[in-house]
Structure formats: C-alpha cells, structure tokens
Amino acid sequence: MSNSISQYWVRLLINLIFSISHLATQDLMETQEEVKEEGVGYVVMRNLFSRETDFKMRTVKKSRETSLRESAERLALSRKMHEKEEFQKKMNPDSLTHPPEFIVKPHGQTVWEGKSVMLHCTVAGWPKPRVSWYKNNVLIDAKAHPEKYFTESQYNMHSLEIKNCNFSDTAEYRISALNVKGESSAFAPVIIKNGYSPEYGVTFNTTIIDKFDVSFGREGETMSLGCTVIVYPTVKRYQPEIVWYRNGVVLSPSKWVHMHWSGEQATLTLVHLNKEDEGLYTLRVNTKSGFDTHSAYVFVRDADVEEEGVPVAPLDVRCHDANKDYVVVTWKQPAVEGSSSIIGYFIDRLEVGTHHWTQCNDTPVKYARFPVTGLTEGRSYTFRVRALNNSGVSRPSRASDPVVAMDPSDRAPGPSAPWTGMIKFTEEDPTVGVVPGPPTDLAVTEATKSYVVLSWKPPIQRGHEGVMYYVEKCLVGTETWQRVNTGMPVKSPRFALFDLAEGKSYSFRVRSCNSAGVGEPSEETGATTVGDRLDLPSVPGPVIAIRNTDTSVVVCWGASKEVKNLVGYYIEVSINGSGVWVPCNNKPVKGTRFVCHGLNTGDKCVFRVKAVNAAGYSGSSAESEACIVQASIGEYCSVPSPPTGVTLLERVRDYMVLGWQAPAKTGGADIRGYYLDYRTVKDGVTSKWHEINLQTVTGTSYKVTDLKENVFYQFQVRAVNRAGISESSIPMVPLECKEWTVAVPGPPHGLRVQEVRKESMVLLWEPPTFSGRSPVTGYYVDYKEENGRWRCVQERSTKNTYMKLTGLQEGVSYRLRIHAKNVAGVGGPSKETDAILAETRPGTNEIVVDVDDDGVISLIFECSDLKEDSQFVWSKNYKAFTDTSRLTVQTSGGKSRAIFNDPSLEDLGIYSCVVTNIDGVSASYTLTEEGLKRLLDISRDHQFPIIPFKSEMAIELQEKGRVHLWAEVAKFTSNCQVEYVFNDNIIHEGKKYTMNFNKTTGIIEMFMDSLEVTDEGTFTFNLVDGKATGRTSLVLIGEEFAELQKKSEFERAEWVRRQGPHFVEYLSFKVTPECDVHLKCKVGNIKPATETAWFKDGIEIEEDDEDAKKIKKSDEVLIFDIGKISKKDAGVYEVKLKDERGKDKTLLNLTDAGRTVLNEVFRVIANSSTELKVMSTEHGIILYSFVVHYIEDLRIGWLHKESKISHSDRVQCGVTGEQLWLKINEPTEKDKGKYAIDIFNGQGSVKRVLDLSGQDLNNCVFICLSFLRAAAIAERNRARVVGGLPDVVTIQEGKSLNLTGNVWGDPVPEVSWVKNDKALLSDDHYMLKFEHGKFASITIAAVKTIDSGKYALLVKNKYGTEAAEFTVSVYIPEDEGEKRE
C-alpha cells in the first residue's frame, strides 16, 4: 500500500515537471508574445476565477548544460521506476492464490431517519473474491429492491448505499467475501435515529391534506403537484423543510423543475414534461420533531408522432467519460418502437452558445451508447438522440445537460495554491527536443459492430510539451499496420474507431507524438472481433396480474436470468383478444413489480414485460392470465413461502426425478405452479443457476432430463401465485446423476396434512417415482412428537396413499414420514413434514349431509373466512374426481355443495373438501352402506312427500253437545289446501258443517251442532301442498258412534241444565282427618232469589230442626256436617235448587253408600293410629296405640310373633276412648317377641309393630313390681268418698236440700261438685263447703225443677280420683200443679 502511494506522488511530480518543461519548450519555439498569451490562457483555464486581474510574468533562462543534466536525471529516474514496476509485477502477491482479506473495513454509522447511508470497504484476494451484503444475516438483493439498495464493485472497492433510511434499517450489516481459498466477513452496525429532538420544548405535529394523486401528463405539457401542509402548533418565524423526491432522488430547482412553498401550500411544477419526468414523486415535510411524507406516481405519455409508424423519442440522454475531444453519450430506448423495430439511433450535438445541431454519426447505431469524437477542447456541448425505424425518424429526445470537453484532471476539483498574480516560466535551450515514449495500458473498453473504443495511459517519457496520439490497426492474419487518424492526431487518451468490418478480428496500437517526433508504438492489443459484446437480455419470467383498484392492476414478473447492465423493464397491456399493445410505463423500471394505472374499469386485460439494456430489447414475456380491472376483494395477497423438502425420488444415467413439499404459506392465493433451477458442482465450485422449465410445473414432482452422467447437480424450487414468485428453496446437497441399483422402492413424496383436529389429522402422499425391482405393495407411516422418537402408526402396511391418524394429544406437535415397501423390503423414509400442532381451530366446520325438498342428496361444506381467489376442492378417497357424472359441485359464496346425481353403492367412500388459500381449512365425510340406505329412505320421503301431522284427527264434545273434529299439521306452506270428506263424498261449509284451517297454528277444524243417525261413517281431511299430500281419517260407527251420540245428547241436556241454577259438583261425601263425615256439593249460576232445600229420606230439613244446624255454605259449596257417623245417619240425602230460570237436584243414598263411607272412615282411623308403645302397671304391661276416633264396626286384631293372640284372664285387649290396648298380666319369658296391632282400613289393614326383647320385658317387669308397691300405697292413701251421700234424693219444689259426704285421702283431696257433667260454683243458689278436710257439703236453697239432674262429688289427690254420684228429683205437689194448669 505504501509503495502504491509513493508511486502516485512520484508520477504526480514527474507530470508537473513535464508540464513546466512543455511550457519552456514552447517559449523557445514561439515568440514571447504568443508564450504570454498561451500561458495566461492556460492559467485562466486552471484557475477559473481569480481574485486579482493584474499579474506579473518572469522568464528564467537555463543553460544547455543544465537542461541536459536535468534530462539525464529524468531519464535515469524513469528507468529506475520502470524496473521497479516490473519487479513488483513479478513479486506481486496478488498473482499468488490467497484467501480474501479486508484491506479497508466498513465503518458503522448513525444517521437521522430519511437520510442515506454509504458503506465502503476494500477487499484483496486471488482469485478475485465474490462479495455479498447481508442485513442481520439475511442476503440483500439490491436488484430486487433498487429503490432501497445500490451496490457497486470497482477495482476491489465495494460499496452499499441504503437510500431513504427508516427505523427498520437499523441492523448489523455484513459483507462476505468468498473465493476458492476461503471466506472472510466484516461487520458494520447502522443505527437510524427516529425523529428529531423537540425545539424549545415544542413537539410539532405535521398533517398533509389535499394530497396529489396518481397523475397523467403528455410530453410538452406543464404539470403541477401540490399538497397543503399543516404544522401544529404554529411557531412564529419557524418553517418546515420541504423536500421533493423523484424515485428516491432529491430534486433541485432547475429550468425543468420549479418549487414553491407558500407557508401552507407546497407546489412542484414540471415545466415542459418529458418522459424523464415519469416516476414516483414524494413530498417530505421535515420538522424538528419528525417528518411526514406523501407519494404518488406521475405518468408521462408520448407526444403524438409526426408520422404514423415512426418510433417515439428516446429518453434520459447523459454524457460520460468526457475528455479533451471525446465524450460517451448514453440514452434509454423508448417504450414504443413504432410500426417496426428500431434500426438504430442518430446522435446530435450542439455547441453551447450556438443554435445549430450537428449530426454526429452518418450510420445509425444500434447500441444505446455512442462515443462522440472531434470535439474542440474547452468548449461545452449538449446532445440529443433520435430513433430510426422503417417508417422514419422520431422526434429528438430532451437535450442532455451541458458537458465541457477538457482533461478530466483539469475538471476534477482539488486543492490549488492561492493565486499570487505572478506566473513563472522556465526556459530550456530551444534546440533540445524529446520524442515521447509509447503509451501504456492500451485496452479495448467497448466493442460493438458499429465501433470499437480504445483507451490508454499517456507515456511516461513525453518531454516538456503536450502529447498527442496516432492510432493504428492491423487485420489479424496480416502484418500490415494502418494509421487510422492520419489527418489529425487525437489529444485524448480515448479513441473510437468506426467503419470496421463486422466479424473481422483486429489488433490495435497507439503512438505518441509531439513537436520532436512520433514515438514508438505501444504494445498491441489482442485480437478483437468486431461485434456486440453485450448480449440482449433474456426474456423476463412469468407475468402475474393482480387486481388492485377500479383503475389499476398490480403486475409482477420474474427477473431476466441472463442480463448485463440492465436498464429496466417496460410493461405493456392489451385488452384480451384485441391484439393492440399499449405501454404502461414510458420510463424503464428496475423492480419486478409495478402498479399499472389509468385502466378502464371492467376491462379484461393481459400484460407482458420486456427487459432493456444498452444492447436493446429482450423478447416479450409470455402473456399473463387475463385480469379484470376492478377493486380487489379481501385481504391483499403476498408471495408464497419457499417450497421445502426437495428430495431425489429417482435417478437414471441422464435424468433425475425431484419431489418437494408445497409452501407452508400460500400467501392467500392459489399456488399456480413451480419453477426449478439447477447448477453443476465440481470440486466444490458451483456454476451459475439455470432455469429448468419455462412453463410452470403444477405438481410437486418433476423429471429433469438431458443431464450428464456422473456429474453433480444442485437443485432449487420456487413457488408462484398471483402475487409473484417466492424465494428459492434451500439448495439441496449436490447429487450425482447415475442410475439407482437398489431393490427397495424410493421414498414417497408430496406429503401434505389436512383435516387437523385436536385428536386426529389426515396424511396424504404420492407414491415413490422409483419402485425398485418390484411394484410397491404398501406403506408404513411413522410419527413422533417434537422431541420424541419415531414410532410406526400401524402394524400392517396400507395400500392407500392416505391415512387418518387418531388418538393424538391436543396441543402436541407431531412430525410425520412415510416408508414404501415392495417384495424386496422397506425403502428409506420420505422427507418428514413440518411440526403440526394437534388442535381444532376456532370456527372449524365439518361436512354436513343434506337431503333437500326434492330428495336430492348432497354434501355441504361452509367456510366463513373465504378469500377472493379461494376455491372449494372436492375429492373422493382423497383423489380428484374422475367421473363427474356421479357428482356435481355447486359453489356460492362461502358454501360449496357436492350433489349426488344418482346415489348408489358406487358412491361409497370418503369425501373430502379443501379450501385453497386458507391454510388448514378442510374436512371429510365417510359415506357407508348403512348411511346411504338411510339417506335414500329420506330422499324417497322428500321426493314423494307426505304432509306430516302433529296430531291425527280427533273428536271432542263441546258445549250443547257440539261435535268438534280436528287435526294439527306439523309442516306445511301457505299454499296448503284442505278437502273435507264424509263417506267418500266431499262436504262443504253450510248449516250443518262449520270448517276452518288456521295456517298460523296448523289446526284443521270441523264442527257439527249435533250427531244424527245419518252421521255414522268415516270423516276424512285430505291435504294438498304443492306435490306433498296428507290424509287423516276418523271412523265413527257401531257402538262407538252410539256412545258418542248419547254423550252428545247428554252434553246438550247438561247445557240446558246449566242455563239455570245447577250443581257444578253433585252431592258427595268426605271424611275429614278428625273422622267427621261431610256431605257437600258445588252449585253454579246462583242468584239471591234461588231457593236451596235439603231433604233426608224425602223430608225437608226445616230451619228449626236439629239437623238444620249441620247445614253450612261456603263460596257456592253446600256442606252438611254429619260429624261422627253412626247407623242413625243412614238414609237418602237430597238437595234441590229452584228459581224462575229452572231447577236442579242432587241426591246421595248413604244407606247404599254406607259401606263405602265406613270404609273411608276406617281408612282415616287406621292411618291415624300411632306407633305401638308399652306401659307398665301394677299388674303387668300394657301395649297401646291411639287413634283419632273409634267406632264399634272397626275390626282390630292383635298378633304375637305373627300369630293371633287368644284372649284369657292374663291377656286381654280392649278400647278405652281413643286408646287401643293389650294388657298382659304378670308377663313371663314366653311373652318376649314382636307384637303387632292389625287395624282394618276399609280395603286392607294397617299394622303397627313393637319388638319386646328380653331386656325390654325385664324392665317392664321391674317397673310392674314398682307399680305394685306404688299401687298399694296409692290405694291406701288415694282420695275417696267413704259415705254420707244417698243414691237418689226426691224433694218438693221450694224446699232446701242439704247433703254432706265423708271424704278420705292423704294428702287431703281436692273437692268439686258437678251437675250433668258440668262443674258447679258456689253462689246464692248453690252453697258448697269443705270442712276439716273430711266433710264436703252442698246446700241448694229453694230447689226448682230445673235443679233435677245427675250430681256427683269428685275427690282427687295424687294417688287417685273418685266420684260419688247421686240423683236429685224435684217434684211439684198436685194442687200446685192444678193451679198452674
């Protein structure tokens, strides 16, 4: 590196010395005045602007001896430098193979968002390394994204430009250099700052409104683009920065571009539109807080041609490599060639300051690049280009920017010494002259069939004056050299040779010359054949058109594979079938995606693309599929993910069969096919990728033919949908093309999974292409969990190419693979699938079987998330339908229906449906023989439908004995009609019949006021509803009819009865829980004037009768309370109602119904009995149960150990009040066991059971003895009346009665008196006394007849109670009786 720098400065010093010597030599040859003029002109050219106008000039003269010495020193120095260069060439380490090495590494950068970043580095290595740029280890494809990235590599210097950076560009960038010796990488971080710091604490919010839209203009017109910009808050004297871009390049004001900012409105005016102005325009508003942008495309149409069929004007004329008398002009071919292909181009030049255009070439050039010679040094020129075809010449293009014909070293800016106002010249002896040496580094830089361009470096030895050059050519095979520019030597180290014979080979050399003479020739070039070195681009890849808006379509295409110096692509559109092609863009675009605007809504358009470079146009691509211009529906689709699992299925000596798996993500559109590429591999060195197929492959396997045996190949696959072509799959390992000799089959391929559920999934595959030495006989399926081991699904192989895996675990991911087998054995596994999660996605639907009203059987599958290009794909047994006569598929919206045309046993199988472009939406339905039979039965019912009845015809009697016939229909339409038939005769509505069909409820009714003898027969309702029929009948004959007629007459009589006072419920009885018997009836339609009368045995119960107290009335219920029933209550009870409206009666014969009443009483008594209990007495034990009431007719039985107890003196039973008891005196061991009381309940009996075990009985005996002792004490001390009271007392009325009774008891008993079971209280009439605890007396003063009755003296203490009863009879004397009479 240091040697190169030192050589550079030495050469610069020599050039400076030679320049000074050149001026000195001219001073000796010309007059002093001429020297002054030329010196001043030279200095003025070197220093375009001087700060002082006056200057001084001084001439220094040298002696001849001094000049010779300096010349000798220069020659010696030149010889040494030449020897050193030759030595370094031999010892140059780059001539030896070594790995890449970064001499200068790229440096990390931090920039604001919206700026551009340039990364530079220098790489050494031999062979020359191949470099690639990466962003976060992802390869950067600059050709695919020219609007974002630009890469350049020249002389081992490499650069990456990142345009218009945003925050997502923050990453670690890596450059990788690779050759056969190894790989080396260098890294550079790039940080993009998001936004700007707020100024003065203010955050500006920018809003762009009134935005310009996609615009269309024509050449020569003026177009303005504008937006309204609102910046909030408003800060005084603060204005945002307004920047305009075209295709990502900042625009500057010029005569073609005017910019204006009014403070609110940003306007860009394009004056005199040209096709160069076409592109994507972006307005960027920068504030201290950030920025906002708006972009829209501007299309520029060609101006009308002057002559029909001539091409339109070329565009984008530029000048390159300008020198003293030479410049290279380039341009871009137009989109429209006219009625015939472009033959070539004419280049015109115009010297700045004049108005006359001069044509530079007499013969049109085909190349879009032309070297213009013969320029005058120091003068400025502009250029334009015209295209030529068979119809004529086009209008000229827009003129290029001016360019100055001068030495590039004089043009390049650099440091210069300040102007001092003095020019110093040195003079040599005028007799000294040096002939220049030969030029160096002669090379052919361009070669076309029109011209050849040479370039070289000036000679090292060239004296003190300027050097010019002669160019010589020699036809290969001859030794004759011919000078090309005999008339005038050229000043620039560039020269273009024209008029060479196409196809001939030439060698070239150059001689230098000056005033001292012509030097030796340079080394000659190698043989150069006259012809185009730059080939035309290859045809672009497939074109895909995608709906976008009502006036635009997105067009994507595959990049040209074989192309150098690509200029861009032209897209053309044609209405399908018209054959007329119109360009969509008039300026080439470099990407592989373009939005074609300005189309007509509803047109069906096709598109094609052609590539352009300097050599010309490629052929047009194949036409795209027709696309209707209308707004897209649903989500915008994207390119699919790359295919995976590229495997070798079969190989022979000259072909291989490849298989792969479809992309995991389709991008929301159908996979339209696949493209395959291949490259050869030899000793680790790979060739370029080459396309295998130009037409897409629709399947997931392909046979690659015309391969070479024993050569290693690599393959890659790309998928294509309507959005474009995917990235390439990972290149498979190199495979040798040679014949397989194994006996077992190859691996199956095309594995795919569908119908994924939480517990199951279905795996499908394609048979292996290579079956081995015998046909494939079956398959084995392996599965494993994500990190588990492989396990076989089935024990026996399957012959199908599909299998449903069941018993999976929800939420677990599985991988699957397949083995094929034949007689020789089991082959190797296929490529495993990606991990598949066992889950049922929300909204998953299954296939539903349906039978419509016409009996058509179909399978229905619905999908609610259907996308624009999604399709329902049906298959049987997971194979595409081959017999469409069996099944018809109809799809509407998100529902698809597969209709069986003629269902039979041929249709049995598994039917599946898959929805494309929606990953994972699929389902299946298995049609079995049993299921088909069931469906056929339903179909017959639907073909010959029967109207179903929810309720068949029924009959009911209504008021007045009216007959109601009715039926209820389950399913019908509003067109359903009813026909009423009796005994096969149609009947109609009239006096006898009333008919009604309520179509809201589906109830059919027919009414008859009464049943007559002539109505015996069959009633029928016939229904007709379209083609459906229904029938329901009711037969009324014989006894059934007679009984119904009788009921009808009864109901009519009942209705008449109910018109006056009547009994709603007739007289009946009820036994209450207290065992009281009530007779009751319910009356209706009662008025206050209605008479109600009770009768017993035909005798009316009057109001003053004792039984009248038993009559009660409550809410239209009449009650006769018999109370505790006895035999005297037997008889016939009757109730009568009567008023002016009518009368009614009801009766109940308790004599006949007595047994029924008693049985009900017995039931109540039996059910009221309590559980058996035991009680000890002084004599033994008592078992007892209480009932609510007891009557003599009640049958009671006692059981001991399930045997009836016989009565004796020791064992007795009886009833006291409501107590049922069994006494056992002096119980013994034999009395142990279960006791039961059996009480008759009218139909059966109710039992109450008590178990007296040994201990219970012993306790009772002990208690009994205790009772005996307590009874003796009680007997001795109990209260009793020991005497003094008579049994009967007779006394005359008016007399006083005094009786005294002697009382005993310890403690002293309580004494009370009763009369007729009612207690007496002491008053003026009754005087009651108890004296000394022994004497109880009663005195009745002036007795009356009412004092007659039954009296008793009651004495009571804790040991007992006793009553002494006596009767008092009061009489009246005879004479008193007579008086009273």
Are the side chains of [X] and [Y] in touch, meaning some heavy atoms are under 4.5 Å apart?
X       : Y       : answer
Leu957  : Leu1044 : yes
Leu1172 : Tyr1184 : no
Ile1340 : His1325 : yes
Tyr1351 : Leu1320 : yes
Lys1087 : Pro1061 : no
Glu1293 : Tyr1371 : no
Trp1094 : Asp1107 : no
Arg1141 : Thr1090 : yes

Exercise for review: Would you mind telling me which of Lys1080, His1078, Lys1110 makes a side chain to side chain donor-acceptor pair (under 3.5 Å) with Asp1121?
Suggested key: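 It is His1078; the other options fail the test.
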Which heavy atom of [X] sits nearest a heavy atom of [Y], and at what distance?
X       : Y       : answer
Ile1291 : Ser1296 : CD1-O, 3.5 Å
Gly1360 : Ala1279 : O-CB, 3.9 Å
Phe1063 : Asp1144 : N-OD2, 3.1 Å
Val1355 : Pro1309 : CB-CB, 4.2 Å
Asn1357 : Pro1307 : ND2-O, 3.1 Å
Arg1278 : Tyr1359 : CA-CB, 3.7 Å

Should [X] and [Y] count as an ion pair when the cut-off is N to O under 4.0 Å?
X       : Y       : answer
Asp1105 : Lys1096 : no
Lys1046 : Glu1043 : no
Asp1076 : Lys1124 : yes
Lys1047 : Glu1051 : no
Lys950  : Glu968  : yes

Taking atom [atom1] as the centre, does [X] end up with more than 12 heavy-atom neighbours from other residues, nucleotides or ligands that are less than 6.0 angstrom away?
X       : atom1 : answer
Glu1310 : CD    : no
Asp1323 : CG    : yes
Lys1334 : NZ    : no
Trp1221 : CH2   : yes
Glu1106 : CD    : no
Glu1140 : CD    : yes

Please check: side-chain N/O of [X] versus main-chain N/O of [Y], any donor-acceptor pairing under 3.5 Å?
X       : Y       : result
Gln1059 : Trp1055 : yes
Asn1298 : Ser1337 : no
Asp1347 : Lys1344 : yes
Asp1306 : Asn1277 : no
Ser1114 : Val1117 : no
Ser1348 : Val1370 : yes
Asn1316 : Gly1349 : no
Asn1167 : Asn1241 : no
Thr1170 : Phe1186 : yes

Looking at [atom1] of [X] and [atom2] of [Y], how far apart are the two atoms once the value is rounded to the nearest 0.5 Å?
X       : Y       : atom1 : atom2 : value
Glu1103 : Lys1109 : CD    : NZ    : 13.0 Å
Phe1019 : Thr1032 : CZ    : OG1   : 13.0 Å
Asp1238 : Lys1247 : CG    : NZ    : 5.5 Å
Asn1225 : Gln1212 : CG    : CD    : 6.5 Å
Ile1111 : Thr1092 : CD1   : OG1   : 10.0 Å
Leu1150 : Lys1127 : CG    : NZ    : 15.0 Å

Review point. Any chance the side chains of Arg1248 and Ser1169 put a donor and an acceptor closer than 3.5 Å?
Key: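 Ser1169 and Arg1248 do have a side-chain donor-acceptor pair below 3.5 Å.
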Exercise for review: Classify the angle between the aromatic ring planes of His964 and Phe1007 as parallel (below 30°), tilted (30 to 60°) or perpendicular (above 60°).
Suggested key: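 Rings of His964 and Phe1007: parallel, as their planes differ by under 30°.
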**Study point:** Ring geometry between Phe1120 and Tyr1133 (parallel below 30°, tilted from 30 to 60°, perpendicular above 60°)
**Key:**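 Tilted: the ring planes of Tyr1133 and Phe1120 meet at 30° to 60°.
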Exercise for review: Kindly indicate, with the supporting measurements, whether the criterion salt bridge (charged side-chain N to carboxylate O under 4.0 Å, His left out) is fulfilled by Arg1163 and Glu1160.
Suggested key: CA-CA 5 Å; Arg1163 183 189 65 80; Glu1160 180 65 16; 2.4 Å; yes
Check your understanding: Ile1237 and Leu1222: side-chain contact (heavy atoms from CB on, under 4.5 Å), yes or no, with the steps?
Key -> CA-CA 9 Å; Ile1237 183 172; Leu1222 174 68; over 6 Å; no
Validation: residues 1187-1206 side-chain donor-acceptor distances under 3.5 Å, sequence neighbours left out:
from	atom 1	to	atom 2	distance (Å)
His1200	NE2	Lys1232	O	2.9

Check your understanding: What pairs with Phe1240 under ring pair (Phe, Tyr, Trp, His ring centres under 6.0 Å), at least two apart in sequence or on another chain?
Key ->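 For Phe1240, the residues satisfying ring pair (Phe, Tyr, Trp, His ring centres under 6.0 Å) (neighbours in sequence not counted) are Phe1162.
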Practice item. Could you walk me through whether Leu1353 and Val1303 pass the side-chain contact (heavy atoms from CB on, under 4.5 Å) test, one step at a time? Key: CA-CA 10 Å; Leu1353 172 62; Val1303 178; 4.3 Å; yes
Review point. Would Asp1129 and Val1077 satisfy side-chain contact (heavy atoms from CB on, under 4.5 Å), going step by step from the backbone distance to the final call?
Key: CA-CA 10 Å; Asp1129 297 318; Val1077 178; over 6 Å; no
Check your understanding: For Val1174 and Tyr1235, what are the C-alpha separation, side-chain angles and deciding distance, and is it a side-chain contact (heavy atoms from CB on, under 4.5 Å)?
Key -> CA-CA 10 Å; Val1174 62; Tyr1235 288 83; over 6 Å; no
